[in-house]
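Shown next, in structure tokens, is the structure this report addresses.
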2 protein chains.
Amino acid sequence: MEYLSAVELFVRRLTSRSKLERPSISALLDLDGRLVPVQRGEDLILPGHPVSYSTLVVRGVLGRFDQMLDGKRQITALHIPGDMADLHSLPIPTPSWGIQSLVPSTTLQIPHERLRRVLDSHPDVAIAFWRDTVVDASILAKWTAYIGRADATTRIAHLFCELGVRMAFQGMAAKDDFPLAFTQAQIADAVGLTTVHVNRTMAVLRAACGLSIEKGRVMVRDWNVMASYANFDDSYLLMSR
Amino acid sequence: MEYLSAVELFVRRLTSRSKLERPSISALLDLDGRLVPVQRGEDLILPGHPVSYSTLVVRGVLGRFDQMLDGKRQITALHIPGDMADLHSLPIPTPSWGIQSLVPSTTLQIPHERLRRVLDSHPDVAIAFWRDTVVDASILAKWTAYIGRADATTRIAHLFCELGVRMAFQGMAAKDDFPLAFTQAQIADAVGLTTVHVNRTMAVLRAACGLSIEKGRVMVRDWNVMASYANFDDSYLLMSR
DNA sequence: CGGCGACTTGAGATCTTTCAAGCTGCGTGG
DNA sequence: CCACGCAGCTTGAAAGATCTCAAGTCGCCG
């Protein structure tokens, strides 16, 4: 029943930001699809290829990415369990980005047709989905700002602040100790740096605030120190109505 | 009647991507608000301050931005006439970003209340608005990718490719010759570089593809050369259904 | 035990920033 | 009509951040 709880997580987050009618909520909770296990590093969706389902993260972490001609990747969003990784594909079925699995994951592919049926009879769900897309854009804007204007230490600290807070918000773990088996190459793709430089910067943060990734867990000794490196302010995550 | 045509532009763009019922279209065309002239450099909306209207660009260019503690700005989106700069504020009335006017502009402040009334009676409009937000996010993702993974020349070339194509799509001008009185400092804020480096890079592009800004007009002699510097592919702008 | 992926380290190259100064065009006040 | 001042553009030189290339280490799995 693992995937049922992912749908529940998704609905719980929607209702934390949007008032939904009771029938809308049950229609959402009835959503179902194909449960798909995916390996680490697998590309689930490729840019320019139309899709007919949306991808709910049940387990693991997915990354939205864009790719340069020389193959360099930039991750533009991370999705943890309870996130619909490409709600976008419902209004725009041919994405301009790709989605890859960053760790061993499980997804639930929910057919667009089913989602559209819910939207057609429950207009408040459309607003809730729209609102979720706006939160996603708010996070993306923050990433853009940090990649454009912050140095390596600040960017990486900010990434882990954000991930911790989001994990905690989903009730998965504590913000200073959560499961996440990222490689340094994946961190590099997320913050727009090279692996070598990420490696050096992680060493700095390890010394400064006790940030470490061990056995697939992120741990932070002095979370507040990391947050001050990041100038972290969680309001862009819009965690309350 | 200048501002009426901005509403028309907005509606025309919505209908180019979304099928809308005839009554929905007339409800949208009936939208009205307060026409506000703004000076270059003025901040229209500040991060964290709630707003009760959405801002339609009638004339000029607005920039969405985020700001670091030291005051450095990163522009995360540009809005040209016919764009609703903060449709986002309708589902999320307290923005985490600001909006500034980059050139002398005119905006139409449309009360959220009026927009909500349209949404309530025309569910297809909600989907169209949502779709517009997704296009906005698609552009933002492309910016993130270029800021994270492309060098200065490529980033700036890409910016002007995008702006040209968007201007042409709105029917404002040709993609290789359009009105836009940006300063190099504003370009720097958009691509995440310093003014000095933008200056040097503009000189390179001027020599390579005849890109220039004179008397508030952007002109490009060899658009295809610029596009190849940018590796430009317009599909992320989703200009057709 | 071998091999592979991920992490670490060093050194030099390259890109971008910083600081500083001078230039240019334009609007304003005298 | 001219002088001034300011904003924006340009240029030089040095500092700094990040990247590239290259090699070596570590731990885990077959």
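In the text below, chain A, chain B and the rest are named by the order of the sequence lines, each starting its count at 1.
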Rounding to a whole Å, what distance do you find between [X]:[atom1] and [N]:[atom2]?
X        : N      : atom1 : atom2 : value
A:Asp151 : D:dC19 : CG    : P     : 12 Å
A:Ile213 : D:dG27 : CD1   : P     : 17 Å
B:His197 : D:dT18 : NE2   : P     : 14 Å
B:Arg149 : D:dT20 : CZ    : C1'   : 14 Å

**Study point:** Residues, nucleotides or ligands: over 12 heavy atoms within 6.0 Å of B:Arg34 CZ
**Key:**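 No, because the 6.0 Å sphere around CZ of B:Arg34 holds 12 heavy atoms or fewer from other groups.
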Practice item. State which residue, out of A:Leu102, A:Ile139, A:Leu180, fulfils the side-chain contact (heavy atoms from CB on, under 4.5 Å) condition with A:Leu78. Key: A:Leu102
**Study point:** Residue whose nearest DNA chain C nucleotide is more 5′ - A:Thr183 or A:Gly148
**Key:** A:Thr183
Check your understanding: In terms of the nearest nucleotide of DNA chain C, which residue is placed more toward the 5' end: A:Phe182 or B:Gly192?
Key ->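 It is A:Phe182, whose closest nucleotide lies nearer the 5' terminus.
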Point to revise | Proximity of B:Tyr236 and B:His158 rings by center, below 6.0 Å | key: yes
Check your understanding: Can you check whether A:Trp97 and A:His88 have ring centres sitting under 6.0 Å from each other?
Key -> yes
Check your understanding: Donor-acceptor pair, B:Gln74 side chain versus B:Phe65 backbone, under 3.5 Å?
Key ->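 Not a single qualifying donor-acceptor pair exists.
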Practice item. Using atom types as modelled and distance alone, determine if a side-chain donor or acceptor of A:Arg217 lies under 3.5 Å from a backbone N or O of A:Ala181. Key: no
Review point. If you pin A:Lys215 and A:Thr194 to their nearest nucleotides in DNA chain D, which one's is more 5'?
Key: A:Thr194
Review point. Reading DNA chain C 5' to 3', which nucleotide is the first, and which the last, to come under 4.0 Å of any heavy atom in chain B?
Key: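 Here the contact window of chain B covers C:dT16 to C:dC19.
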Review point. Do the non-hydrogen side-chain atoms of B:Arg149 and B:Thr144 ever get within less than 4.5 Å of each other?
Key: no
Identify the pairs formed between an N or O of the protein and an N or O of nucleotides 10-12 of chain D at a distance under 3.5 Å, and give each distance.
residue	atom	partner	partner atom	Å
D:dT10	OP2	B:Gln184	NE2	2.8
D:dT10	OP2	B:Asn199	ND2	2.8
D:dT10	O5'	B:Asn199	ND2	3.4
D:dG12	N7	B:Arg200	NH2	2.4
D:dG12	O6	B:Arg200	NH2	3.4

Point to revise | Residue among A:Thr195, A:Thr201, A:Asn199 satisfying side chain to side chain donor-acceptor pair (under 3.5 Å) with A:Gln184 | key: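 Result for side chain to side chain donor-acceptor pair (under 3.5 Å) with A:Gln184: A:Asn199.
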